[in-house]
Amino acid sequence: MEGKPEILFSKTVIEGRVRELAGRISGEYAGKNLLIVGVLKGAFVFMADLVRGLDIPCRVDFVRLASYGAGSTSSGKVRITKDLETDIAGRHVLVVEDIVDTGLTLAWLVETLRQRQPASLRVCVFLDKSQRRQVPFTADYVGFTIPDAFVVGYGLDFNEDFRFLPDVCVLREIA
Ligand code: PRP
């Protein structure tokens, strides 16, 4: 897969949607001690914009995950390669992720974090490839639902490239 990326969501469109999500989250978590958990690496750009759009205080922490097995899709066998530094028991936790595809990664992460007994646990994803689910998973907050295309930019990569792009782009396949 190579070629020139085409813009799917521009920087301006993304800014507007992230502002809406931040407004909803600010309203729903007002008065609660919110901990935002970003899933590295892909979520770093979305999370940075989201927290700056909030008008309530929050703390942040990060987790990094790896899927066993090769290929560009998850195997469902997930492990933590960098764990949280925060004890989430009794905390209101909002997991922030760049994309949900098969659902295997987030289903596993939610189950794993739930065992640590947070006061609440919700998930905010920037992009949702809802047609691709292999396990049932519904995010509490979704930026955009997208078709099954290979998207990059705004934190999302192809072989570690393109994360820096300010727009979300589709990599065109060259036949
Ligand atoms: C992406 C994304 C999710 C996962 C979603 O991570 O950030 O963690 O894939 O796929 P799923 O719903 O099919 O499980 P990736 O492995 O690309 O790592 P990255 O965040 O470091 O780019």
Is a side-chain N or O of [X] found less than 3.5 angstrom from the main chain of [Y], in a donor-acceptor match?
{"X": "Asp140", "Y": "Val123", "answer": "yes"}
{"X": "Ser67", "Y": "Lys77", "answer": "no"}
{"X": "Arg17", "Y": "Gly143", "answer": "yes"}
{"X": "Thr102", "Y": "Arg133", "answer": "no"}
{"X": "Lys129", "Y": "Ala149", "answer": "yes"}

Shortest non-hydrogen contact from [X] to [Y]?
{"X": "Phe162", "Y": "Val152", "result": "CB-CB, 3.6 Å"}
{"X": "Gly155", "Y": "Phe44", "result": "CA-CE2, 4.0 Å"}
{"X": "Ala22", "Y": "Leu54", "result": "O-CD2, 3.6 Å"}
{"X": "Thr145", "Y": "Ser130", "result": "CG2-OG, 3.4 Å"}
{"X": "Asp101", "Y": "Arg132", "result": "OD1-NE, 2.6 Å"}
{"X": "Arg116", "Y": "Leu84", "result": "NH1-CD1, 3.9 Å"}

For the atom pair [atom1] ([X]) and [atom2] ([Y]), what is the distance rounded to the nearest 0.5 Å?
{"X": "Leu21", "Y": "Ile25", "atom1": "CG", "atom2": "CD1", "answer": "5.5 Å"}
{"X": "Ile88", "Y": "Leu121", "atom1": "CD1", "atom2": "CG", "answer": "6.5 Å"}
{"X": "Leu106", "Y": "Thr138", "atom1": "CG", "atom2": "OG1", "answer": "11.0 Å"}

**Request:** Could you check Tyr29 against Cys58 for side chain to side chain contact (heavy atoms under 4.5 Å, CB included), going step by step and ending with a plain yes or no?
**Result:** CA-CA 9 Å; Tyr29 285 92; Cys58 70; over 6 Å; no
**Message:** Show, in sequence, the C-alpha distance, side-chain angles and deciding distance for Asp98 and Tyr154, and conclude whether the side chain to side chain donor-acceptor pair (under 3.5 Å) test is met.
**Reply:** CA-CA 9 Å; Asp98 57 345; Tyr154 200 67; over 6 Å; no
**Asked** Can you name the one residue among Val37, Thr86, Leu34, Asp61 that meets side-chain contact (heavy atoms from CB on, under 4.5 Å) with Val93?
**Response**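 Of the listed options, the one satisfying the test is Val37.
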Looking at side-chain heavy atoms only, is the closest gap between [X] and [Y] below 4.5 Å?
{"X": "Phe62", "Y": "Glu85", "answer": "no"}
{"X": "Ile99", "Y": "Val151", "answer": "yes"}
{"X": "Val60", "Y": "Val51", "answer": "yes"}
{"X": "Phe137", "Y": "Val110", "answer": "yes"}
{"X": "Glu28", "Y": "Ile56", "answer": "no"}
{"X": "Cys169", "Y": "Phe9", "answer": "no"}
{"X": "Val78", "Y": "Leu104", "answer": "no"}
{"X": "Asn33", "Y": "Arg91", "answer": "yes"}

**Request:** In sequence, state the C-alpha distance, the side-chain angles, and the governing distance for Arg24 and Tyr141, and then conclude on side chain to side chain donor-acceptor pair (under 3.5 Å).
**Result:** CA-CA 9 Å; Arg24 270 186 60 202; Tyr141 304 93; 5.0 Å; no
**Request:** Tell me whether Ile146 is reachable from Ile7 by hopping between hydrophobic residues (I, L, V, M, F, W, Y) whose side-chain heavy atoms are closer than 4.5 Å.
**Result:**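 No, it is not one cluster - the side chains of Ile7 and Ile146 are not joined through contacts under 4.5 Å.
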**Message:** Before you tell me yes or no, could you show the steps for Val39 and Val96 under side chain to side chain contact (heavy atoms under 4.5 Å, CB included), namely the whole-Å CA-CA distance, both residues' side-chain angles and the distance that decides it to 0.1 Å?
**Reply:** CA-CA 6 Å; Val39 185; Val96 172; over 6 Å; no
[atom1] of [X]: more than 12 outside heavy atoms within 6.0 angstrom?
{"X": "Lys82", "atom1": "NZ", "value": "yes"}
{"X": "Glu15", "atom1": "CD", "value": "yes"}
{"X": "Arg59", "atom1": "CZ", "value": "no"}

**Asked** Is there a side chain to side chain contact (heavy atoms under 4.5 Å, CB included) between Leu35 and His92 once you walk through the steps?
**Response** CA-CA 6 Å; Leu35 176 69; His92 293 281; over 6 Å; no
**Request:** Give the ring-plane orientation class for Phe126 versus Phe144, where under 30° counts as parallel, over 60° as perpendicular and anything between as tilted.
**Result:**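 Rings of Phe126 and Phe144: perpendicular, over 60°.
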**Request:** Decide yes or no on side chain to side chain donor-acceptor pair (under 3.5 Å) for Asp167 and Ser10, but give the supporting numbers first.
**Result:** CA-CA 5 Å; Asp167 310 302; Ser10 70; 5.1 Å; no
**Request:** Go through the steps for Ile36 and Met47 under the test side chain to side chain contact (heavy atoms under 4.5 Å, CB included), then give the verdict.
**Result:** CA-CA 8 Å; Ile36 305 240; Met47 179 172 168; 3.9 Å; yes
